[in-house]
Amino acid sequence: QVQLVESGGGLVQAGGSLRLSCAASGRTFSRYTMGWFHQAPGMDGEFVAAISWSGLTTDYADSVKGRFTISRDNAKNTVYLQMNSLKPEDTAVYYCAAEGGVIVTRSRDEYDYWGQGTQVTVSS
């Protein structure tokens, strides 16, 4: 069982930056692939980024590539999402998720555990 708690969301102007954190409980955090997804009002949840258990493999949605960076600190049981050059279209609730497989995946159905989400609002 893994419990996930996101933090770091807020209101920022376009072009600004935010750093999201996702703290995980449980001793086996380092075994999980971790992902970030976002959901805007009236939209389905979308993949943002994912990172392998080792941190050596990452994947990004085209819309955030070059602007967002996912990283993890297994000693702190935490995964991060550094978001730079934010755009109004990045406005959404951001969720972190944990997946027990070894392959980094974009599929929401593959993720076993989810946090409650943190709101990110980017004003123009």
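Numbers here simply count residues along the sequence, with the first being 1.
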- Angle class for the Phe68/Tyr94 ring planes (parallel below 30°, perpendicular above 60°, tilted otherwise)?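 The rings of Phe68 and Tyr94 sit tilted, inter-plane angle from 30° to 60°.
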- Tyr111 vs Phe37 aromatic rings, parallel, tilted or perpendicular, using cut-offs 30° and 60°?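 If you compare the ring of Tyr111 with that of Phe37, the planes turn out perpendicular.
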Please answer: with hydrophobic residues joined when any side-chain heavy atoms are less than 4.5 Å apart, are [X] and [Y] in the same cluster?
X: Ile70; Y: Val93; value: no
X: Trp53; Y: Val104; value: no
X: Tyr113; Y: Leu20; value: yes
X: Val12; Y: Val64; value: yes
X: Val48; Y: Tyr95; value: no

- Message: So for atom CD, which belongs to Gln3, do other residues, nucleotides or ligands contribute more than 12 heavy atoms lying within a distance under 6.0 Å?
- Response: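 No, not enclosed.
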- Message: Taking atom CD as the centre, does Gln116 end up with more than 12 heavy-atom neighbours from other residues, nucleotides or ligands that are less than 6.0 angstrom away?
- Response: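 No.
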- Aromatic Tyr80 / basic Arg19 pairing, under 6.0 angstrom, 45° off normal: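 Yes; both conditions hold, so Arg19 lies above the ring face of Tyr80.
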- Query: With a distance cut-off below 6.0 Å to the six-membered ring centre and an angular limit of 45° from the axis, does Arg72 pair with Phe29 as a cation-pi contact?
  - Reply: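 That pair qualifies as a cation-pi contact.
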- Is the Phe47-Tyr60 ring centre distance short of 6.0 angstrom?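 Not close enough - the centres of the two rings lie 6.0 Å or further apart.
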Test your reading of the model: is there a side-chain donor-acceptor pair from [X] to the backbone of [Y], 3.5 Å cut-off?
X: Asn84; Y: Gly16; answer: no
X: Glu6; Y: Cys96; answer: yes
X: Thr33; Y: Gly101; answer: yes
X: Thr118; Y: Ser7; answer: no
X: Thr105; Y: Ile103; answer: no
X: Ser52; Y: Thr57; answer: yes

Report yes if the side chains of [X] and [Y] come closer than 4.5 Å at any heavy-atom pair, otherwise no.
X: Glu89; Y: Val122; value: no
X: Leu86; Y: Leu18; value: yes
X: His38; Y: Val120; value: no

- Salt bridge check: are Lys65 and Asp62 linked by an N-O gap of less than 4.0 Å?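 A salt bridge is present here (some side-chain N lies under 4.0 Å from a carboxylate O).
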- Message: Please determine whether a side-chain nitrogen of the Lys or Arg among Arg108 and Asp44 lies less than 4.0 Å from a carboxylate oxygen of the Asp or Glu.
- Response: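 A salt bridge is absent here (no side-chain N lies under 4.0 Å from a carboxylate O).
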- Message: Could you go through Lys87 and Arg67, starting from their C-alpha distance and side-chain angles, then the distance that decides it, and tell me whether this counts as side chain to side chain contact (heavy atoms under 4.5 Å, CB included)?
- Response: CA-CA 10 Å; Lys87 304 175 181 180; Arg67 299 188 298 124; 3.8 Å; yes
- Would you give the length of the straight line joining atom CG of Leu4 to atom OG1 of Thr78, rounded to the nearest 0.5 angstrom?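 Spacing of CG (Leu4) from OG1 (Thr78) equals 10.5 Å.
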- Query: Once you round to the nearest 0.5 Å, how far does OG of Ser21 lie from CG of Leu81?
  - Reply: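 If I round to the nearest 0.5 Å, the distance is 9.5 Å.
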